[in-house]
Amino acid sequence: MPELPEVETIRRDLDRELSGRVIERVVSEGARSIRRHDPVEFVCRLLGRTVVTVDRRGKYLVFHLDEGALVIHLGMSGQLLLASPELSLARHTHVVLGFSGDRDLRFVDPRTFGEAFVSGPELGELSRLGVDPLSVVSASQLGSMLAARTTKLKPLLMDQHFLAGIGNIYSDEILFTAHLRYDRSAATLTPTEVRRLYRAMVSILEAGIEHRGSSLSDEQYRDVFGVTGSHQNHHQVYAREGKPCRRCHQPIIRVKLGGRSTFLCPRCQPAILRDFGSSR
DNA sequence: ACGCCCGCCTGTAAGC
DNA sequence: TGCTTACAGGCGGGCG
């Protein structure tokens with residue numbers, strides 16, 4: 001499922017490929033994918049508009065237009081693909097934007113958890129998102145954000161109103177790298193642990209972007225050219241149940257948290273407080 | 001106000 | 001082999 005590194009990879013490519021181009025054609029087949037709009041209204045608000053820049057807020061892509069903005073969330077299985085207009089449409093193609101210069105942008109989404117909508121300059125619910133994890137400037141800033149929170153670490157990292165962009169995969173990877181358990185209460189972290197968490201968060205997300213995202217066997221992530229990412233080859237814990245920890249060789253375990261899978265190393269991420277030193 | 005769980009979806013894979 | 005069932009989970013909303 002696309003999280004910050006995947007959405008950022010898509011954003012960078014789309015900003016380069018589509019900025020300055022005009023939306024000349026809009027085809028919308030999937031009513032559920034544009035559920036906030038009447039289909040005719042959706043088309044009217046996009047036709048003739050020019051893409052100024054492509055931005056990202058958390059996991060949302062924001063296409064700033066000369067009038068208003070197109071917002072797309074990829075949900076669980078959404079893909080945005082650049083293609084020639086003459087290529088046949090893949091199954092589950094819900095929206096096609098035809099751009100100047102004979103370029104299609106196609107929104108493909110089998111599970112239809114994703115959506116596209118046109119917004120005014122206020123961007124609605126996006127204004128309520130938390131800060132971007134890569135905009136947190138220091139460990140001490142993260143520490144003050146965590147200080148008042150009694151929530152378990154993992155649900156907090158995944159709370160889009162707290163930090164915007166981290167999902168199930170990257171939260172597990174970040175917590176492993178920080179040697180912290182998913183169920184530690186956020187406010188109980190020592191300054192050393194906060195610093196480990198801060199460094200892990202930044203380094204894991206940057207590595208994910210560097211590797212153009214994570215593509216797992218059972219999921220759909222592709223970049224706009226249809227190419228898979230490679231960060232899954234660097235995963236330490238996610239989807240590695242039973243496999244040896246890359247750091248200590250103890251088998252990785254899976255637990256359920258809120259009905260969702262959480263992967264961790266029971267030795268590297270102990271329940272009791274342990275000092276792993278200040279390195280890393 | 002917060003934590004938890006459900007419903008929305010389809011494709012894949014495990015299990016009988 | 002073929003069918004059924006479980007699972008994957010982001011997010012909004014409802015409930016306690």
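Proteins get letters first, then strands, A, B, ... in listed order; numbering begins at 1 in each.
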Between D109(A) and R32(A), is the closest basic N to carboxylate O distance under 4.0 Å?
no

For P155(A) and R260(A), take the nucleotide of DNA chain B holding the closest heavy atom to each; which residue's nucleotide lies nearer the 5' end?
P155(A)

In this structure, how many angstroms lie between the P atom of dC9(B) and the CD atom of Q79(A), rounded?
20 Å

Considering the options T93(A), L74(A), V96(A), L81(A), which one meets the side chain to side chain contact (heavy atoms under 4.5 Å, CB included) requirement together with F107(A)?
L74(A)

Heavy atoms from C-beta onward define the side chain here; which of dG11(B), dG10(C), dC9(B) lies closest to that of R91(A)?
dG11(B)

Pick the closest DNA chain B nucleotide for P110(A) and for D159(A) by heavy atoms, then say which residue is nearer the 5' end.
D159(A)

Roughly, in whole Å, what's the span from CZ in R111(A) to C1' in dG11(B)?
7 Å

H92(A) has its side chain closest, among dT10(B), dG10(C), dA8(C), to dT10(B)

Answer yes when R212(A) and D223(A) have at least one side-chain N-carboxylate O distance shorter than 4.0 Å, and no when they do not.
yes

Are H231(A) and Y170(A) close enough that their ring centres sit under 6.0 Å apart?
yes

Using 4.0 Å as the upper bound for N to carboxylate O, is an ion pair formed by R25(A) and D104(A)?
yes

Base, sugar-phosphate, or nothing: which does R35(A) touch, judged by heavy atoms less than 4.0 Å apart?
nothing

Quick one: is T151(A) getting a side-chain N or O under 4.0 Å of the dC2(B) phosphate, OP1 or OP2?
no

If you compare every side-chain N and O of S77(A) against the phosphate oxygens of dC9(B) (OP1, OP2), does one of them come in below 4.0 Å?
no

How close or far is atom P of dG3(B) from atom CG of L156(A), stated in whole angstroms?
8 Å

Among dC11(C), dG3(B), dC9(B), the nucleotide that comes nearest once only the side chain of R32(A) is considered
dC9(B)

Side chains of S28(A) and H94(A), donor plus acceptor under 3.5 Å:
no

Of all the nucleotides listed (dG3(B), dC11(C), dG11(B)), which has the minimum atom distance to the side chain of T150(A)?
dG3(B)

I166(A) CD1 to dC11(C) P, straight-line distance once rounded to whole Å:
12 Å

May I ask you to evaluate whether H73(A) reaches the phosphate of dC11(C), defined as a side-chain N or O under 4.0 Å from OP1 or OP2?
yes

Spacing between L153(A) atom CG and dG3(B) atom C1', to the nearest angstrom
16 Å

Write down the distance between CZ (R36(A)) and C1' (dG12(C)), rounded to a whole number of angstrom.
10 Å

Considering only side-chain heavy atoms of R254(A), which listed nucleotide, dA8(C), dG10(C), dG11(B), is closest?
dA8(C)

If only side-chain N and O atoms of Q160(A) are considered, is one of them under 4.0 Å from the OP1 or OP2 phosphate oxygen of dG10(C)?
no

When the rotation axes relating C1' atoms of four end pairs to the next four are compared across the helix from dC2(B)-dG16(C) to dC16(B)-dG2(C), five pairs an end, they differ to 10° by 60°

Expressed in angstrom and rounded to an integer, what is the separation of K154(A) atom NZ from dC4(B) atom P?
13 Å

Please state whether the phosphate of dA8(C), meaning OP1 or OP2, lies under 4.0 angstrom from any side-chain nitrogen or oxygen of K256(A).
yes

Which whole-number value in Å describes the distance from L4(A) CG to dG10(C) P?
13 Å

R254(A) to F263(A) six-membered ring, cation-pi geometry met (6.0 Å, 45°)
no

Least distance between heavy atoms, R222(A) atom then T228(A) atom
NH1-CG2, 2.6 Å

